[in-house]
Amino acid sequence: MSKGTKIPGYMQGKGRNPRGIIGDREIRYKCSLQNTILDVLRGRPGWQEVPGQNNVQQNVQANTKQQGFQSIPPITRNSDGDWDFYWCDREWLHQNYDTMFLYEHQKILHFRNHYELTRKNLMVKNLKRLKKQTEREQGKAEGLSFEFFPTTYELPSEYHIFVEEFKKNPGIIWIMKPAARAQGRGIFLFRRLKDITDWKKGEYQPLSDPNRDAPETYVVQRYIENPYLIGGRKFDVRVYVLVVSYNPLKVWLYRSGFARFSNTRFSLDSIEDTYVHLTNVAIQKNAPDYDPDKGCKWSTQQLRKYLSAKHGVDAVRKAYKGIDNIIIKSLQSVQKIIINDKHCFEMYGYDILFDSDLKPWLIEINASPSLTASGKEDYELKFGLLNDLLNVLDLENRLTGKEKRIGGWDLLWEDGPILADDGNMECVPNGNTTTIPNSFLGCHNDRKRQLRELYMAAQSVKKT
Ligand code: ADP
C-alpha cells in the first residue's frame with residue numbers, strides 16, 4: 001500500500017478533515033499495557049481493540065535484497081490490520097520506528113529519541129547546553145532561570161571534574177544514580193569520596209577483562225539536603241505533561257497529580273536508609289511500617305491547599321510558576337534534537353522536589369510514568385488523566401483545535417506561552433490576568449463539567 005492509498009472509513013479527498021482524523025468509522029487501537037490505559041481505551045465509545053500480537057510486523061518490501069536495495073531499510077507496516085492509535089512501549093518503538101510507515105491519521109505514543117530527555121545523564125547534558133547558549137546569547141542573568149537542576153556529573157566520563165567539585169564542597173551529600181534505571185534501583189547516597197572507592201573499583205576497574213560489559217553509566221548529583229517537609233517527611237511531586245508536537249512546541253499540563261511521601265521521618269543521620277531519602281512508591285511500599293490503605297500519596301489539590309494555607313496564595317503561585325519554567329526549559333533543551341513527527345505524542349511524568357524555601361527542583365523526567373493504580377483515588381486520577389489525553393488528541397474530531405483547556409489538561413505553551421483567560425479565583429489572585437500563564441497545577445479539576453460545556457460549545461462553533 002502506498003502513501004495516499006484509500007483505507008476504508010478514512011475520509012479523503014473532498015470534505016476530508018484537514019487535521020487528518022478518522023471521520024466515519026470506529027477508531028482502532030492497540031495497547032501494549034494491561035493497566036488503566038487499557039481500561040480507558042476499552043471503555044471509550046466507538047473505539048475498538050485490534051486483535052492480535054503487539055509486535056507482529058509484516059515486511060512489505062521483503063525482497064529488497066533481490067531488488068538490490070540492501071542499504072535501504074525495508075518498509076514495514078502492521079500485519080494485523082491498520083490501527084489508528086497505538087499505546088506502544090518504548091522497546092517496540094525503538095525496534096520498529098525506523099522501518100515503519102504511518103498513515104496521515106495514525107497516532108503513536110513516544111517520540112523516536114525520547115531518551116534525550118528521560119535518561120538522567122542526557123537530560124542534564126541537554127539542559128547544561130541550553131543554559132550555556134542562553135548565557136552566551138542573553139546574558140548571565142537569563143542563565144539563572146536554569147538553576148533548577150542540582151549540580152550533576154556523568155560517570156565515569158566526568159569523574160575527574162566531579163572530584164574537583166567534590167573537593168571544593170567538603171561535607172556535602174551526593175547521590176549516585178544509574179542513568180537508565182528507574183524506581184530507585186541502584187541509588188545510594190554518600191559523603192566521602194572513600195565511600196565510592198569500592199563501588200568504583202567494582203564498576204570500572206577491571207576493564208582489562210574482555211568479557212566484561214561496558215561499565216554502566218551513572219550520574220552523581222548534589223543531594224538536596226533541605227527538602228520541604230510535611231509532618232517531618234520528604235516528598236516529591238509527580239506532574240503530568242503532554243507534548244503533542246515539538247515543532248512548534250505544543251505542551252499541555254495536567255492539573256491533577258500527586259505528591260509521594262517517604263514513610264519515615266526525614267533525617268540526615270542515616271543516609272543509607274532508602275526509606276527516608278527515596279520517595280519512589282516502589283521503594284516505600286516495602287517499608288516495614290507501610291500501610292497500603294493509607295498509602296503515601298497526597299493529591300496535588302491537597303498539596304496546593306496545604307501550601308497556600310501555610311505560605312499564602314502568592315508564594316505558592318510563584319513556586320508553581322517555577323514548575324512551569326522547569327517544564328518549558330527542559331522541553332526546549334531537546335526541541336531541536338527530538339525527531340519531531342506529527343504521528344507521535346508523549347506523556348511525561350516529571351518528578352519535582354520542593355526545598356525548604358519552596359523552590360522547585362527537577363529530579364527526573366519519565367517517558368513511561370506508572371499507569372498502574374495504587375488505590376481507588378489513584379485509579380480515578382489516572383483514568384481521568386488518560387481519558388482527557390485522548391480528548392486532547394481528539395481522534396473523534398469533536399473539538400475545534402483552538403481549546404486552551406480540555407478536561408484536566410491546560411494548554412501551557414504553543415510556540416510561546418499561553419495566557420489564562422478564565423482565571424480560577426482560587427489560584428489566580430486579582431490583577432492583570434493577561435500576565436497569568438495558563439497553568440493550574442493543583443487547582444480544582446472539575447473535568448467532567450468542563451468537558452460537557454466544551455463539547456457543547458465546540459458543536460455550536462462547528463455548526464456555524
Ligand atoms: P529513579 O528513576 O530510580 O526513580 P530518581 O532520580 O527519580 O530515580 O530518584 C529517586 C528518588 O530519589 C526521587 O524520587 C527522590 O525522592 C530522591 N532523589 C533523587 N535525586 C535527588 C536529589 N538530587 N536530592 C534529593 N533527593 C533526590
Side-chain angles (χ1 to χ4, degrees), residues 90 114-115 117-125 127-128 146-155 162 165-166 169 172-191 196 216-230 232-241 257-268 270-287 290 295-298 300 303 323 326 330 348-372 374:
R90 288 169 296 173
H114 63 83
Y115 46 79
L117 199 56
T118 56
R119 210 166 281 165
K120 296 176 179 67
N121 53 332
L122 298 181
M123 176 188 90
V124 171
K125 191 178 100 193
L127 278 168
K128 282 181 181 172
F146 284 85
E147 301 279 307
F148 56 74
F149 57 100
T151 306
T152 307
Y153 300 97
E154 182 185 285
L155 298 184
F162 161 64
E165 184 66 22
F166 180 91
N169 300 283
I172 69 164
I173 301 174
W174 295 85
I175 184 166
M176 187 83 101
K177 310 194 264 190
R181 283 197 253 173
Q183 300 192 321
R185 279 189 285 258
I187 297 183
F188 64 94
L189 276 61
F190 65 96
R191 268 202 183 95
I196 59 164
E216 184 175 1
T217 303
Y218 275 70
V219 294
V220 61
Q221 187 168 75
R222 188 167 177 161
Y223 186 68
I224 295 162
E225 295 184 33
N226 61 331
Y228 192 99
L229 303 179
I230 296 181
R233 279 148 231 261
K234 171 179 174 175
F235 64 92
D236 68 359
V237 189
R238 167 55 53 88
V239 179
Y240 295 102
V241 172
F258 51 85
R260 311 178 295 185
F261 284 82
S262 74
N263 214 40
T264 315
R265 290 178 78 82
F266 185 76
S267 151
L268 290 175
S270 48
I271 62 169
E272 66 294 330
D273 188 343
T274 49
Y275 298 132
V276 174
H277 297 283
L278 310 191
T279 51
N280 308 69
V281 176
I283 301 272
Q284 293 300 328
K285 70 180 181 199
N286 296 320
Y290 177 73
C296 47
K297 287 182 178 174
W298 266 19
T300 43
L303 180 67
I323 298 180
I326 290 175
S330 58
Y348 296 107
Y350 275 67
D351 291 343
I352 307 283
L353 188 92
F354 284 115
D355 68 16
S356 52
D357 300 321
L358 217 52
K359 172 183 160 69
W361 291 88
L362 173 61
I363 298 298
E364 87 157 328
I365 306 172
N366 298 280
S368 303
S370 167
L371 301 178
T372 305
S374 59

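When a ligand or atom number is given, it counts from 1 through the structure's own listing order. As the structure is a computational prediction, the values presented were derived from the model and not from experiment.
- The stretch residues 361-370 participates, sequence neighbours left out, in these salt bridge (charged side-chain N to carboxylate O under 4.0 Å, His left out) pairs: Lys120-Glu364.
- Here is the list of ligand 1 atoms found below 4.0 Å of a heavy atom in Asp236: 13 (C), 14 (O).
- The part of Lys234 lying near ligand 1 is the side chain, judged by heavy-atom distances below 4.0 Å.
- Close contacts of ligand 1 with Gly184, meaning ligand atoms under 4.0 Å from a residue heavy atom, involve 1 (P), 3 (O), 4 (O).
- Residue Arg181 has at least one heavy-atom neighbour below 4.0 Å for each of these atoms of ligand 1: 2 (O).
- Looking at residues two or more places apart in sequence or on another chain, you find no side-chain hydrogen bond (donor to acceptor under 3.5 Å, both in side chains) involving Asp273.
- Ligand-side atoms of ligand 1 in range of His277: 16 (O), 17 (C), range being under 4.0 angstrom from any heavy atom.
- Residue Thr279 has at least one heavy-atom neighbour below 4.0 Å for each of these atoms of ligand 1: 13 (C), 14 (O), 15 (C), 16 (O).
- Listed by atom number, the atoms of ligand 1 under 4.0 Å from Arg260 heavy atoms are 14 (O).
- Less than 4.0 angstrom separates some heavy atom of Glu364 from each of these atoms of ligand 1: 1 (P), 2 (O), 4 (O), 5 (P), 7 (O), 8 (O).
- Atom 20 (N) of ligand 1 has Lys177 NZ, 2.9 Å as its closest protein atom, hydrogens excluded (heavy atom only).
- Counting heavy atoms under 4.0 Å from ligand 1, residue Ile187 touches it through the side chain alone.
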